[in-house]
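Read the structure below first, then the notes.
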Amino acid sequence: MNRVLLAGFDGKNNSARVITERISSDCRKLILPNDRSKSSELLMNEINSAETGVVILLGQKPCIKDKIAVEPTAALCGETLHTTLDVTVTAQLIRQSGYAAYISRGCGTSYCNHIYFQCLKSGVNCIFLHVPTMDNISDIKALTKAIEGFVNGIAGVPAML
């Protein structure tokens, strides 16, 4: 079984859900409810149900267009946690897959930040990628291909898993 878990938030027109569902890579996929405690519980149960090497979390960021924001940190109640994954390599893998990517300076203050913080706190290797909202995506196939390229790229790095 593949040790990569890809999770995106639910919602009728949520780009994170759309991309997660479209990914054809050999990975486990999970759609998270837009509820802090339910999504955290569901994610932790999925991480613990099978050997998980890395979790890739997807969420929407309304202020970006046709690029992916790679999030290095999450902060909650005055505590900041950092991913152990190399955010520079993450951005490079996405760009090599044909899509713009940059390293962000903050995961926000809502669901995305909360789930990322919980995942980081669990000790599993994880990374959060913010994608544009559907109306800020010119080519959903290209964006899906870039995320798929990253999933495949990280799955091919034994040290990550």
Side-chain angles (χ1 to χ4, degrees), residues 1-36 38-40 42-47 50 52-74 83 85-104 106-108 110-120 124-157 160-161:
M1 176 177 228
N2 197 304
R3 295 178 55 206
V4 175
L5 172 62
L6 176 67
F9 281 103
D10 199 6
K12 184 178 179 181
N13 202 27
N14 188 317
S15 56
R17 180 189 55 79
V18 171
I19 293 163
T20 300
E21 289 175 344
R22 287 179 175 222
I23 293 292
S24 61
S25 298
D26 181 26
C27 65
R28 296 175 7 243
K29 296 190 275 186
L30 179 65
I31 302 299
L32 300 168
N34 292 309
D35 177 289
R36 285 181 182 91
K38 287 180 183 177
S39 61
S40 293
L42 186 63
L43 179 63
M44 292 306 117
N45 286 342
E46 182 64 26
I47 288 170
T52 303
V54 66
V55 176
I56 302 167
L57 298 165
L58 299 180
Q60 292 187 129
K61 192 169 195 169
C63 61
I64 58 175
K65 181 171 176 63
D66 292 331
K67 59 187 162 195
I68 297 170
V70 179
E71 303 294 350
T73 62
T83 183
L85 301 180
D86 189 322
V87 293
T88 303
V89 171
T90 298
Q92 288 171 344
L93 281 169
I94 292 166
R95 287 192 290 268
Q96 287 171 1
S97 296
Y99 213 79
Y102 71 99
I103 299 169
S104 178
C107 198
S110 194
Y111 299 111
C112 298
N113 180 68
H114 180 82
I115 197 71
Y116 193 25
F117 187 89
Q118 298 304 319
C119 196
L120 288 168
V124 69
N125 289 324
C126 63
I127 191 78
F128 197 101
L129 305 177
H130 265 125
V131 296
T133 55
M134 291 300 288
D135 58 336
N136 282 332
I137 299 170
S138 298
D139 185 347
I140 189 71
K141 287 181 183 176
L143 177 51
T144 302
K145 180 183 171 205
I147 298 293
E148 202 157 70
F150 175 65
V151 170
N152 293 336
I154 204 164
V157 181
M160 295 293 189
L161 305 174

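Just so you know, these numbers come straight off a predicted model, no measurement behind them.
- Rounding to the nearest 0.5 Å places OG1 of Thr20 at 8.5 Å from CD1 of Ile147.
- Under the ring-ring contact (aromatic ring centres under 6.0 Å, His included) criterion, Phe128 pairs with Tyr116, His130, not counting sequence neighbours.
- Annotation: cation-pi geometry satisfied between Arg36 and Tyr111 (NZ/CZ under 6.0 angstrom from ring centroid, within 45° of ring axis).
- Donor-acceptor pairing under 3.5 Å is recorded for the side chains of Glu148 and Ser24.
- Of the inter-residue distances, the one linking Asn14 atom CG with Asn34 atom CG reads 6.5 Å to the nearest 0.5 angstrom.
- The environment of NZ in Lys65 is crowded: more than 12 heavy-atom neighbours from other residues, nucleotides or ligands sit within 6.0 Å.
- With values rounded to the nearest 0.5 angstrom, Leu43 atom CG is found 8.5 Å from Cys126 atom SG.
- With hydrogens and angles disregarded, no donor-acceptor distance shorter than 3.5 Å links the side chain of Arg22 to the backbone of Ile140.
- Evaluation of the salt bridge (Lys or Arg N to Asp or Glu O under 4.0 Å) test over residues 134-144, restricted to residues two or more places apart or in two chains, returns none.
- You'll find the side chain of Leu42 reaches within 4.5 Å of the side chain of Leu30, heavy atoms only.
- The CZ atom of Arg3 sits 14.0 Å away from the SG atom of Cys27 when rounded to the nearest 0.5 Å.
- Scanning for salt bridge (Lys or Arg N to Asp or Glu O under 4.0 Å) contacts around Lys61 gives Glu71, with sequence neighbours left out.
- There is no side-chain donor-acceptor pair under 3.5 Å between Gln60 and Thr133.
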